[in-house]
Q: 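Before anything else, here's the structure in question.
In what follows, every heavy atom counts, from backbone to side chain, and hydrogens, waters and symmetry copies are set aside. These figures come from a predicted structure and were not determined experimentally.
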Amino acid sequence: TQFAKAVRDTNNHDAPLREDEYFWYYELDMQDPKSGKPLHYFVMFYKNPVDFYIVQFAVPQEKTEEYRQQVMEWARSVII
């Protein structure tokens with residue numbers, strides 16, 4: 001969790017850090033820098049005995065709840 005907290009804090013993201021069975025994560029809303037459209041990001045943190053990994057998923061902000069379960073399934077399928 002130290003790594004996840006450090007990344008979140010370094011990026012000035014004021015979002016609660018949550019724990020899943022397989023990873024730590026937080027969520028935030030931001031605008032796409034190219035299109036300006038609002039997106040909802042799921043930022044997942046994984047760790048193996050040697051390394052840390054970050055995987056991000058983004059969905060249209062207005063469809064966050066519609067995609068939440070699918071994103072979590074995808075996130076749980078990541079093999080590190």
Q: Please test Phe23 against Met72 for side-chain contact (heavy atoms from CB on, under 4.5 Å), starting from the C-alpha separation and ending with a verdict.
A: CA-CA 10 Å; Phe23 49 83; Met72 295 305 281; 3.9 Å; yes
Q: Going by the rule salt bridge (charged side-chain N to carboxylate O under 4.0 Å, His left out), which residues pair with Asp20 if we only count those two or more places apart in sequence or in a different chain?
A: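 Salt bridge (charged side-chain N to carboxylate O under 4.0 Å, His left out) check on Asp20 returns Arg76.
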Q: Would a hydrophobic clustering, with Ile, Leu, Val, Met, Phe, Trp and Tyr connected at side-chain separations under 4.5 Å, put Met30 with Val7?
A: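 Same hydrophobic cluster.
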Q: Can you confirm whether Asn11 is buried at CG, in the sense that more than 12 heavy atoms of other residues, nucleotides or ligands lie under 6.0 Å from that atom?
A: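 Check passes, neighbour count above 12.
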Q: Would you list the atom pairs, donor with acceptor, under 3.5 Å between side chains in residues 33-40 and any protein atom, with sequence neighbours excluded?
A:
{"from": "Ser35", "atom 1": "OG", "to": "Lys37", "atom 2": "N", "distance (Å)": "3.2"}
{"from": "His40", "atom 1": "ND1", "to": "Asp29", "atom 2": "OD1", "distance (Å)": "2.6"}
{"from": "His40", "atom 1": "NE2", "to": "Glu27", "atom 2": "OE1", "distance (Å)": "2.6"}

Q: Could you give me the CA-CA distance, side-chain angles and deciding distance for His13 and Tyr26, then say whether side-chain contact (heavy atoms from CB on, under 4.5 Å) is met?
A: CA-CA 9 Å; His13 294 154; Tyr26 67 87; 2.6 Å; yes
Q: Answer yes or no: are there more than 12 heavy-atom neighbours, outside Gln2 itself, under 6.0 Å from its atom CD?
A: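 Incorrect, the count does not exceed 12.
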Q: Report the distance from atom CG of Asn12 to atom CG of Leu28, rounding to the nearest 0.5 Å.
A: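 Answer for the CG-CG pair, Asn12 versus Leu28, is 11.5 Å.
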Q: Which donor-acceptor pairs under 3.5 Å do side chains of residues 41-59 form with protein atoms, sequence neighbours excluded?
A:
{"from": "Tyr46", "atom 1": "OH", "to": "Ala75", "atom 2": "O", "distance (Å)": "2.6"}
{"from": "Asn48", "atom 1": "OD1", "to": "Val50", "atom 2": "N", "distance (Å)": "2.7"}
{"from": "Asn48", "atom 1": "OD1", "to": "Asp51", "atom 2": "N", "distance (Å)": "2.6"}
{"from": "Asp51", "atom 1": "OD2", "to": "Tyr53", "atom 2": "OH", "distance (Å)": "3.4"}

Q: Short question: side chain of Thr64, backbone of Gln61 - any donor-acceptor pair under 3.5 Å?
A: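 A pair under 3.5 Å: yes.
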Q: Does atom CD of Gln69 have more than 12 heavy-atom neighbours from other groups under 6.0 Å away?
A: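 No, because the 6.0 Å sphere around CD of Gln69 holds 12 heavy atoms or fewer from other groups.
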